[in-house]
Amino acid sequence: MKRFHVTTFGCQMNEHDSERMKGMLTSLGYSESEQRDEADLILFNTCSIRENADNKFISHLGEAKRLKAENPERIVGVGGCWAQSVKDEVFRRFPFVDVAFGPGQIHRLAEFLNSDQLSAQGYFEFEDFAGHLPDHRARQFQGWLQISQGCNCVCSYCIVPSTRGREQSRDPGELLLEAERLAADGVREITLLGQNVNSYGRDLPKETRIRFSDLLGMVDAVDGIDRVRYTSPHPKDMREEVIEAHATLPSLCEHIHLPLQSGSSPILKKMRRTYTRERYMDRVEMIREKVPDCAITTDIIVGFPGETETDFAQTLEVVEDVGYDSAFTFVYSPRRGTLAADMDDQIAHPVKVERMERLIEAVQRRAKERAQRFVGRSMEVLVEGPSRNDPTRIRGRTRHNKAVNFEGTAEAGQMVEVEISAATSQTLTGTERLLSGIGA
Ligand code: 5AD
Ligand code: SF4
């Protein structure tokens, strides 16, 4: 039996795509190898969002080159956003690569493997949703649901619209069937995935068109699904019904990821985000009013071209005002072919680094303060398995998407109540309540 090994870089959409790649390979008769050097088929699912994402991947590719030299029968494949962004250049720069494909062409890998191809092949048109391929879930009780692909936004820093194409929504009937199939297969938590989930449906034909909030209602109603999440929404499309859904739909979790990017309206304009700081804060207020205990998380970029100290101070102000439960922070990195990469007021690296340090300090301090509201409470935790640092303890996640390390006896996939005794900016600590576990 032939064996494959897949290394995944980048976002949750890529994790999803890799699971589908593995599902497809399994149905072709391949099995998964734990070690890259024991595999007949070495695959990389790449990301191109920032420069360091590219660099990380290229060092892995060096090892694939060595393994291919050892055994020329081995096949090396490169999929995902980086592959899409450099297209056929892959073969010129890395002649040992046999097949390269973009995010909309994963199914073509099967065609390549079944043919008698002698030359390198590249597949880069958008053709199909990875979500149509068989899945191979990393965890039995958690599943992705790819609701759309691509992005119609024109954020001036972002490479994704060029790697994943125009936005295309999947048919709601098809999505409902898939959610039901996942539930029947033991999935308790579903994460709806899209580059811009809350613009879901706008491209669907009139007869089947529904809004994102309707889709949330449909998935919530599926028997056996205890938790529904989604990522990522865009603040410009964050409608009141979606926020309300967090208060009314029992399985929709108390967590909203609302990417800020910058707290300065002039920078947001240069970023082409199409909202202002005021409009963003208005969404936050609506969340606080309708779902008071909701966790809010975000993405922030520092050092975007032209960002002054005053602009940056406004980002810090928003961080102080909102009190994010956590935030992903990024140093701006110019991406080939994007508008911002050609702007002439790029920020010097030491300035970016110094701002980043101040940003992280504020984010972590506020996150730690926010997390204290959980201390003394009993929280519902979906168990993921043994704790990473201490195998005598158990790890899981609350509905607010906080990681919890706790003492107890629960098994992966169970839903238990945990008494929270301490909180840092990143994790909660606690003890399982033994008598009132709420079943599994
Ligand atoms: N430089 C730095 N960060 C970026 N992001 C996207 N493009 C860039 C870039 N060129 C960040 C944004 C986005 C997250 C996934 O990555 O914050 O929300
Ligand atoms: Fe990376 Fe963006 Fe592609 Fe995800 S969509 S893999 S974050 S470039």
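Computed from a predicted structure; not experimentally measured. Whatever order the structure lists ligands and atoms in, that order sets their numbers, starting from 1. Starting from 1, each residue takes its place in the sequence as its number.
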So, the side chain of Thr46 versus the backbone of Gly79: is there a donor-acceptor pair under 3.5 Å, distance only?
-> yes
If every non-hydrogen atom of Asp311 is compared with every non-hydrogen atom of Ser264, which pair is closest and at what distance?
-> OD1-OG, 2.7 Å
Exceeds 12 heavy-atom contacts within 6.0 angstrom, atom CD of Glu34 = no
So is Ser333 close enough to ligand 1, meaning a heavy atom under 4.0 angstrom away?
-> yes
Asp345/Lys270 salt bridge by N-O under 4.0 Å criterion = yes
Does Ile49 approach ligand 1 within less than 4.0 angstrom via side chain, backbone, both or neither, non-hydrogen atoms only?
-> both
Donor-acceptor contact below 3.5 Å, side chain Arg164 vs main chain Gln195 = no
For Thr338, is the nearest heavy atom under 4.0 Å from an atom of ligand 1?
-> no
At what distance is the nearest protein heavy atom to atom 7 (N) of ligand 1, and which residue and atom is it?
-> Tyr157 CD1, 3.3 Å
Assert yes or no for the condition that the ring centre distance of Tyr230 to Phe212 is strictly below 6.0 Å.
-> yes
Can you tell if the side chain of Arg336 reaches within under 4.5 Å of the side chain of Val86, non-hydrogen atoms only?
-> yes
Measuring from atom 3 (Fe) of ligand 2, count protein N/O/S atoms under 2.8 Å, please.
-> 1
With atoms numbered from 1 as shown, which atoms in ligand 2 lie under 4.0 angstrom from a non-hydrogen atom of Gln195?
-> 5 (S)
Between Phe330 and ligand 1, which residue portion shows a heavy-atom distance shorter than 4.0 Å: side chain, backbone, both, or neither?
-> side chain
CG-CG distance between Asp135 and Leu182, expressed to the nearest 0.5 angstrom = 6.0 Å
Pick out which of Lys22, Arg20, Glu32 makes a side chain to side chain donor-acceptor pair (under 3.5 Å) with His136.
-> Glu32
Number the atoms of ligand 1 from 1 as they appear, then name those within less than 4.0 Å of a heavy atom of Gln261, with their elements.
-> 12 (C), 13 (C), 17 (O), 18 (O)
Testing Leu252, Leu215, Leu145, Leu249 for side chain to side chain contact (heavy atoms under 4.5 Å, CB included) with Val228, which one passes?
-> Leu252
State the atoms of ligand 1, each with its element, that fall below the 4.0 Å cut-off from a heavy-atom position in Ile301.
-> 3 (N), 4 (C), 5 (N), 12 (C), 17 (O)
Separation between CG of Leu316 and CG of Leu359, rounded to the nearest 0.5 Å = 6.0 Å
Hey, is Arg139 close enough to Glu189 for a salt bridge, meaning N to O under 4.0 Å?
-> no
Would one find an N or O of Arg50, backbone or side chain, under 3.5 Å from an N or O of ligand 1?
-> yes
If you count the atoms of ligand 1 from 1 in the order shown, which ones are under 4.0 Å from a heavy atom of Arg335?
-> 10 (N)
Just jot down the ligand 1 atoms closer than 4.0 angstrom to any heavy atom of Asp299, in number order.
-> 13 (C), 14 (C), 15 (C), 17 (O), 18 (O)
Shortest protein contact, atom 2 (C) of ligand 1 (heavy atom only) = Val331 O, 3.4 Å
